[in-house]
Amino acid sequence: MNINITLPDKSVRKYSKELTGYDLASDIGRSIAKEAVCMEINGQLTDLNTLIKDDSKCRIFTSNDQISLEVLRHSSAHILAQAVLNLFPNTKYGVGPSIEDGFYYDFLFENNIKEEDLLKIEKEMHKIAQEKQNFTKEYLPEDEALMIFSNQQFKEELINTADKDEGVNAGEVSIYKNGKFLDLCRGPHIPNTGYLRHFKLTKLAGAYWRGIETNPQLQRIYGTSWFSKEELNKYLTRQKEAEKRDHRKLGRELKLFTSADELGPGQYLWQPNGSILRNQIEEFSKSAHKNNGYEFVNTPHIGRSILWETSGHLDHYKEGMYPALTTEDTNDKYYLKPMNCPFHILVYKNDIRSYRDLPIRYFELGSVYRMEKTGVLHGLLRARGFTQDDAHIFTTIDNLNDEILNLLTFSIKLLNCFGFTDIEADLSTRPKDYIGEDKDWEKATNSLEEALNQQKISYKIAQGEGAFYGPKIDLHIKDAIGRRWQLTTIQIDFAQPNNFSLDYVNSDNKKVRPVMIHRALLGSIERFTGILIEHYAGHLPGWLAPTQINILTIGNVDEHLQKIVKKLNKYRFSIDNRNIRLGEKIHDSKKMKIPITLIIGENDRNNNTVAINYASGEETKDINLEEGIKSINKVLKKPTFKL
RNA sequence: GCCGGAGUAGCUCAGUGGCCAGAGCAGCCGACUUGUAAUCGGCAGGUCAGGGGUUCGACUCCCCUCUCCGGCUCCA
């Protein structure tokens with residue numbers, strides 16, 4: 001017998017008998033054997049103890065490989081379930097995958113557990129880890145597996161519905177065993193439980209079985225695990241950093257916005273500082289639209305029920321709308337608007353339109369109200385009342401390509417101006433339930449895809465994720481700490497032009513239906529502001545900061561101060577001339593995250609100089625006044641939007 | 001909406017059935033006249049989220065409601 005094993009570096013090793021991945025790793029070198037976690041045979045990921053029986057291409061994965069981390073976390077989930085069953089024997093266990101930065105497992109406990117139980121479970125996991133139980137894989141016939149799991153309803157369901165991801169395949173079921181613990185699983189796993197050392201159970205949450213709202217709700221335990229203590233600590237610090245960026249906390253500290261119980265959940269009040277920021281964003285957006293072919297419209301906040309019947313909102317989204325308002329003098333019902341489109345459509349319908357008029361682009365910073373479920377509300381990022389940078393474009397289908405490409409460029413450049421440069425897209429295609437003609441869908445989807453290709457923006461296709469009325473592009477940005485946020489949405493709509501019988505007169509003097517594009521680029525101004533705050537951790541770019549310059553005086557510098565103020569009065573500045581120590585003034589200035597702290601004392605008065613502290617931490621002293629102003633102008637420069 | 005956690009001064013938080021509920025910061029008053037991350041002293045600030053109950057006695061224990069936080073589902 002002769003087995004040739006080809007390694008990733010193309011070298012070939014010859015063996016005279018079957019061997020495991022661990023044997024192979026040990027033969028390659030002691031350190032790789034020590035670090036080995038799992039392996040790949042002919043492209044198939046598998047356990048380290050799998051026997052290599054034939055000539056094959058093999059690759060050993062060590063704790064340095066990303067894939068090993070996923071394996072570790074998946075095994076962590078198994079050990080979590082094992083610990084839970086040891087402590088709470090009557091628990092029913094569901095599924096437990098690895099996820100980004102960690103893992104979870106879903107359980108149905110006899111009595112719901114509490115957060116403090118996590119410590120106990122963690123302890124039990126450590127105990128299991130110390131026992132270094134081997135993970136072994138077995139294949140069982142389906143009926144035998146059903147017997148083993150006969151009092152585990154979720155496992156039975158998994159076997160019966162043949163979910164391949166959980167190790168069920170064509171009458172045969174793969175299970176993993178470590179110690180006395182058994183679980184349905186495709187694997188692979190770490191060689192033994194001793195590989196689990198640096199982990200932490202992080203939170204307890206509710207989760208519906210298989211993610212379906214009508215299914216029973218299980219308790220989900222989240223955890224994180226790593227190969228080294230350093231990585232675990234790094235992760236935990238990263239979590240703390242993310243907490244520091246929380247826009248709700250920063251919003252309070254920087255006096256940007258607030259809420260009040262009297263308003264009801266999901267509604268926010270913008271304080272003066274926040275309003276400056278918000279107005280800057282809105283003005284920037286408005287001027288970009290004004291200079292690029294949009295006409296501005298303004299529309300009310302409520303409309304009669306007939307409007308929402310025609311638009312289909314009452315049929316499809318009634319539960320997402322605030323309840324109707326009624327008046328005493330008539331039987332009319334009015335609804336707060338959850339979208340602006342029906343109003344823009346009414347503006348369009350107010351006149352006969354010619355193909356020469358198209359495309360018509362109506363823009364509005366439109367405030368909408370949506371009855372979001374209480375549990376999903378999340379500061380400005382998910383509010384009930386918010387304002388969209390909304391526009392509706394009415395176009396001929398022939399112009400669709402140009403419009404979409406133009407929009408994509410517009411949005412990317414706009415996002416760039418706010419410092420978001422890492423942008424990706426989702427192209428959502430026709431869902432199962434849809435309206436309209438197949439050929440229109442095809443044309444619209446092609447327009448979207450073509451625009452994405454021309455923009456050279458990386459995108460993935462979200463099959464069947466489009467709205468029922470048309471396909472869409474969503475743009476996601478990546479923030480400073482790597483989180484992705486969806487901002488822009490560009491949606492093609494075949495339905496509303498039909499619902500409202502929209503038309504225009506074409507060159508043959510015939511009435512033809514236009515296509516509509518719904519688009520919000522920043523999305524919701526509230527949400528966008530929240531994301532900006534988190535992205536910059538409150539250190540807003542100079543042009544957006546509520547107070548751009550804080551001038552700190554030391555001693556009697558009135559004349560010098562007046563001279564400087566004259567030169568800076570186009571900026572939003574404040575003057576701190578309190579008779580307190582400079583250190584305290586600087587402390588206050590930093591606390592409010594003001595981009596420029598200008599310090600002037602008597603020395604500066606005498607020498608016509610200034611000292612500048614920048615938000616970046618950079619500090620300069622004894623700078624000539626003119627030079628200082630130049631530097632300030634640079635930091636506070638507003639970006640220019642150009643298509 | 002569901003599961004779990006929480007709600008004490010403007011903010012951050014102490015206070016586990018027993019006198020009039022505390023601290024730091026912020027605020028106000030006074031002193032200090034200050035050159036790179038919090039000067040000192042004083043004053044004021046509370047229906048302990050709201051309502052009901054248990055108890056001689058409740059911030060503390062129980063029930064209901066509201067709000068917030070972490071998730072799940074949802075996001076036109």
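Every chain is numbered from 1 and lettered A, B, ... according to where its sequence line falls, protein lines coming before strand lines.
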- Task: State which residues pass side-chain hydrogen bond (donor to acceptor under 3.5 Å, both in side chains) with A:R578; sequence neighbours excluded, sorted by chain then number.
- Result: A:D576, A:D588

- Item | Partner residues of A:D622 under the salt bridge (Lys or Arg N to Asp or Glu O under 4.0 Å) criterion, sequence neighbours left out | none

- Nearest-Å distance, CD (A:E319) to C1' (B:rU73)? 13 Å

- Message: Does the plane of the ring in A:Y317 sit parallel, tilted or perpendicular to the ring in A:F468? Use 30° and 60° as the thresholds.
- Response: tilted

- Query: Just how far, in rounded Å, is P of B:rA38 from CD1 of A:I586?
  - Reply: 9 Å

- Integer-rounded Å distance: B:rU36 C1' and A:I551 CD1: 17 Å

- Note on the structure: When rounded to whole Å, the CD to P distance for the pair A:Q239 and B:rG70 reads 12 Å

- Query: Looking at A:F343, does the NZ or CZ of A:K337 lie under 6.0 angstrom from its six-membered ring centre and within 45 degrees of the ring axis?
  - Reply: yes

- Item | Per-nucleotide pairing state of RNA chain B [Watson-Crick or G-U, under 3.5 Å; [ ] pseudoknot-crossing; | other strand] | (((((((..((((....[...)))).(((((.......))))).....(((((..]....))))))))))))....

- Query: Between A:R382 and B:rC68, does any side-chain N or O lie under 4.0 Å from OP1 or OP2?
  - Reply: no

- Query: Is it true that A:R238 and A:D101 have a side-chain N and a carboxylate O under 4.0 angstrom from each other?
  - Reply: yes

- For A:E403 against A:T395, the heavy-atom pair lying closest together: CG-OG1, 4.1 Å

- Query: Listed by chain and number, what are the side-chain hydrogen bond (donor to acceptor under 3.5 Å, both in side chains) partners of A:N273, not counting sequence neighbours?
  - Reply: none

- Are the charged groups of A:E213 and A:K373 less than 4.0 angstrom apart, N to O? yes

- Query: B:rA38 C1' sits how many Å from A:L552 CG, rounded?
  - Reply: 14 Å

- Flag the pair A:E253 and A:K593 as a salt bridge only when some basic side-chain nitrogen lies within less than 4.0 angstrom of an acidic carboxylate oxygen. no

- Query: Taking the nucleotide of RNA chain B with the closest heavy atom to each, which residue, A:I599 or A:G266, is nearer the 5' end?
  - Reply: A:I599

- Message: Looking only at the aromatic ring of each residue, does the gap between the centers of A:F107 and A:F109 stay below 6.0 angstrom?
- Response: yes

- From the list B:rA76, B:rG71, B:rU36, which nucleotide is the closest neighbour of the side chain of A:Y222? B:rG71

Below 3.5 Å between N/O atoms, which protein atoms pair up with nucleotides 24-31 of chain B? Just atom names and distances, please.
none

- Query: In whole angstroms, how far is the P atom of B:rU33 from the CD1 atom of A:I554?
  - Reply: 16 Å

- Message: Any residue in residues 463-477 of chain A with a heavy atom nearer than 4.0 angstrom to RNA chain B? Just list them by number, or reply none.
- Response: A:Y469

- Given that A:K590 and A:M371 both sit by RNA chain B, which one's nearest nucleotide is further toward the 5' end? A:K590

- Message: Whether the A:N608 and A:K563 side chains hold a donor-acceptor pair (N or O, under 3.5 Å, no angle test) is what I'd like checked.
- Response: yes

Contacts under 3.5 Å, N or O only, protein and nucleotides 10-16 of chain B:
| residue | atom | partner | partner atom | Å |
| --- | --- | --- | --- | --- |
| B:rU12 | OP1 | A:R252 | NH2 | 3.0 |

- Message: Counting neighbours of NZ on A:K590 that are heavy atoms of other residues, nucleotides or ligands and sit closer than 6.0 Å, is the number greater than 12?
- Response: yes

- List in chain and number order the residues that pass side-chain hydrogen bond (donor to acceptor under 3.5 Å, both in side chains) with A:T202, two or more places apart in sequence or in another chain; answer none if no residue qualifies. none

- Message: Using 30° and 60° as the class boundaries, would you call the ring planes of A:H247 and A:F257 parallel, tilted or perpendicular?
- Response: tilted

- Query: Which pairs pass salt bridge (charged side-chain N to carboxylate O under 4.0 Å, His left out) with one or both residues in residues 605-615 of chain A, sequence neighbours excluded?
  - Reply: none

- Message: B:rG71, OP1 or OP2 - any side-chain N/O from A:Y104 closer than 4.0 Å?
- Response: no

- In whole angstrom, give me the gap between the C1' atoms of B:rG41 and B:rA37. 24 Å

- Query: Closer than 4.0 Å, any side-chain N/O of A:R248 to the OP1 or OP2 of B:rC69?
  - Reply: yes

- Mind listing the closest non-hydrogen atom pair of A:G94 and A:L158 along with its distance? O-CD1, 4.2 Å

- Output yes when A:E70 and A:R73 qualify as a salt bridge under the 4.0 Å nitrogen-oxygen rule, no when they do not. no

- Enumerate the residues from residues 384-393 of chain A whose closest heavy atom to RNA chain B is under 4.0 Å, giving them by residue number; use none for an empty result. none

- Message: Could you tell me if A:W485 and A:E534 have a donor-acceptor pair between their side chains, going purely by distance under 3.5 Å?
- Response: no

- Message: Counting the atoms with a prime plus P, OP1 and OP2 as sugar-phosphate, which does A:G320 contact under 4.0 Å by heavy atoms, base, sugar-phosphate, or nothing?
- Response: base

Between the protein and nucleotides 3-7 of chain B, are there any N/O to N/O pairs under 3.5 Å, and if so, what are the atom names and distances?
| residue | atom | partner | partner atom | Å |
| --- | --- | --- | --- | --- |
| B:rC3 | O4' | A:Q217 | OE1 | 2.7 |
| B:rC3 | O3' | A:N112 | ND2 | 2.9 |
| B:rC3 | O2 | A:G206 | N | 3.0 |
| B:rG4 | OP1 | A:N112 | ND2 | 3.0 |

- Message: Counting the atoms with a prime plus P, OP1 and OP2 as sugar-phosphate, which does A:G601 contact under 4.0 Å by heavy atoms, base, sugar-phosphate, or nothing?
- Response: base

- At under 4.0 Å, does any side-chain N or O of A:H378 touch on OP1 or OP2 of B:rG70? yes

- Query: Looking at the side chain of A:D604, which of B:rG35, B:rA76, B:rC72 is the nearest nucleotide?
  - Reply: B:rG35

- Taking the C1' atom of each, how far is B:rC59 from B:rU47, in whole Å? 12 Å

- Item | Pairs meeting criterion ring pair (Phe, Tyr, Trp, His ring centres under 6.0 Å) with involvement of residues 367-389 of chain A, two or more places apart | A:H301-A:Y369

- Plane angle bin for A:Y105 and A:H78 - parallel if under 30°, tilted between 30 and 60°, otherwise perpendicular: perpendicular

- hbond_proxy A:R370 side chain to B:rA76 base (donor-acceptor, 3.5 Å cutoff): yes

